[in-house]
Protein chains: 2
Amino acid sequence: MTADDRHGAETGPESAGSVLETLIGYNLKRAYVIVQADFREALGQDGLGPRAFSALSFVVQFPEITQSALARKLGIERSGLVAIVDDLERRGFLRRTAVPGDRRSHALVATHVGQAALRSAQDAVRAHEAALLAHMTEQEREMLITLLRKIRAREG
Amino acid sequence: MTADDRHGAETGPESAGSVLETLIGYNLKRAYVIVQADFREALGQDGLGPRAFSALSFVVQFPEITQSALARKLGIERSGLVAIVDDLERRGFLRRTAVPGDRRSHALVATHVGQAALRSAQDAVRAHEAALLAHMTEQEREMLITLLRKIRAREG
DNA sequence: TATTGTTATACTCTATAACTATA
DNA sequence: TATAGTTATAGAGTATAACAATA
């Protein structure tokens, strides 16, 4: 054993530190922080947050979805969804409506105002993402989404 | 204007909802959640968290880095780093040492135990990522990191 | 005046557990 | 018994503002 081996030259400071840069998780997180900040800037101070945006998207896509089903789609607990739905209802973007045949459930229905707000928000986010990622080609952005979906294939 | 146009058939429920799936931000977040959960499983209940892992990685890579410089590298505020360094010091993975010539700064130095712990953690994380992403080819994983780094080129 | 580390504080996101009203 | 929505609570993670020591 050489002195270098003993002190870990081959897996020492330089290479050991840059292991971080080779990890998918680390690169995902750093990239996510950037895109999320851009998202918030796109929708402004009092605009929809990422969670409310996603929730409203699903409600528009799946009218009369229940809160439990929506929580499942969002990958969060149903207790955590309450505040999000409260917020969207307060803004007048959706309503909790009665479900005939099951008085426990609330069917969520987007209002016209909510649908318009979503379209407007989508346009803003798309424009901001396009500007943020203008240094990437369309092919690269598509490839990125394809690869991210491969990871998402592991979703519960 | 047709009835379909008025009610937004072309940007209506189905396509409007799936806008979400076309956004980089949404796909990034969902993918990140999966990989992060895997990371935590890799390092166990009392193992290093993602932030402590990254911090220790930088301390090993850049011995005697100050807390302010480390916070900058991690992309967080220096106030937020205090608890992370406290934790790593409590575990015996690094020490705050005096900086000759500037008594305000603390130079962070990883201990041998800390270096060994980092190597062990790196091995565990790499193995878990490899298993989690075994359904992707090596080429795909490399391409993904390349594309994520393109986004990270937007880092402050 | 400016910077380093620190504390205090607050806000967001998320989870767990327990409650209520229904089924 | 089980499920839907809700509340209470707690724990990460992060940010801002202010402070003491030092530059």
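Residue numbering restarts at 1 for every chain, and letters A, B, ... go by the order of the sequence lines.
- For A:Ile34 and D:dT14, the CD1 to C1' distance is 16 Å, given to the nearest whole Å.
- Summarising the geometry, atom CG belonging to A:Leu147 is positioned 11.0 Å from atom CG belonging to B:Asn27; distances are rounded to the nearest 0.5 Å.
- Whole-Å rounding puts the A:Ile76 CD1 to D:dT6 P distance at 13 Å.
- Side-chain atoms of B:Ser79 stay outside donor-acceptor range of the base of D:dT14, with no qualifying N/O pair under 3.5 Å.
- Here the shortest heavy-atom pairing between A:Gly114 and A:Leu56 reads O-CD2, 3.6 Å.
- Nearest-nucleotide assignment on DNA chain D puts the 5′-proximal partner with A:Ile65, out of A:Val33 and A:Ile65.
- Spacing between atom CG of A:Asp102 and atom P of C:dT22 amounts to 10 Å, rounded to whole angstrom units.
- As judged by a 4.0 angstrom heavy-atom cut-off over every strand, A:Glu77 is placed among the base-contacting residues.
- Looking at heavy-atom distances under 4.0 Å, A:Ser68 makes contact with sugar-phosphate atoms alone, never a base.
- Nearest to the side-chain atoms of A:Arg104 among the listed nucleotides C:dT4, C:dA23, D:dT6 stands C:dA23.
- In this entry the distance linking CD of B:Gln45 with C1' of D:dG11 reads 12 Å, nearest Å.
- Between A:Ile84 and B:Asp86, it is B:Asp86 whose nearest contact on DNA chain C lies nearer the 5' terminus.
- The pair A:Arg91-A:Asp87 counts as a salt bridge, with a side-chain nitrogen and a carboxylate oxygen less than 4.0 angstrom apart.
- At the heavy-atom level, A:Ser105 lies under 4.0 Å from the strands shown only through sugar-phosphate atoms.
- Enclosure of atom CD in A:Gln139 is not indicated, since only 12 or fewer non-hydrogen atoms of other residues, nucleotides or ligands lie within 6.0 angstrom.
- If you measure from atom CG of B:Asp87 to atom C1' of D:dG11, you get 14 Å, rounded to the nearest angstrom.
- When the side-chain nitrogen and oxygen atoms of B:Arg103 are compared with OP1 and OP2 of C:dG5, none of them lie within a distance under 4.0 Å.
- B:Glu89 has its CD atom 8 Å from the P atom of C:dT6, to the nearest Å.
- Within the nucleic acid shown, A:Arg78 comes within 4.0 Å of at least one base atom, counting heavy atoms only.
- Residue B:Arg51 has no polar side-chain atom (N or O) positioned under 4.0 Å from OP1 or OP2 of D:dA12.
- The closest donor-acceptor contact from the side chain of A:Arg149 to the backbone of B:Glu21 lies under 3.5 Å.
- Distance, B:Leu94 CG to C:dG5 P: 13 Å, rounded to whole Å.
- Between A:Pro50 and B:Val85, it is B:Val85 whose nearest contact on DNA chain C lies nearer the 5' terminus.
- Note: CG (B:Leu74) to P (D:dG13) measures 12 Å, nearest angstrom.
- Not one side-chain nitrogen or oxygen of B:Gln67 sits closer than 4.0 Å to the OP1 or OP2 atom of C:dT3.
- Side-chain nitrogen and oxygen atoms of A:Arg96 include at least one within less than 4.0 Å of the OP1 or OP2 phosphate oxygen of D:dT6.
- The environment of CZ in A:Arg95 is sparse: at most 12 heavy-atom neighbours from other residues, nucleotides or ligands sit within 6.0 Å.
- Between A:Lys29 and D:dT14 there is a side-chain polar atom (N or O) within less than 4.0 angstrom of OP1 or OP2.
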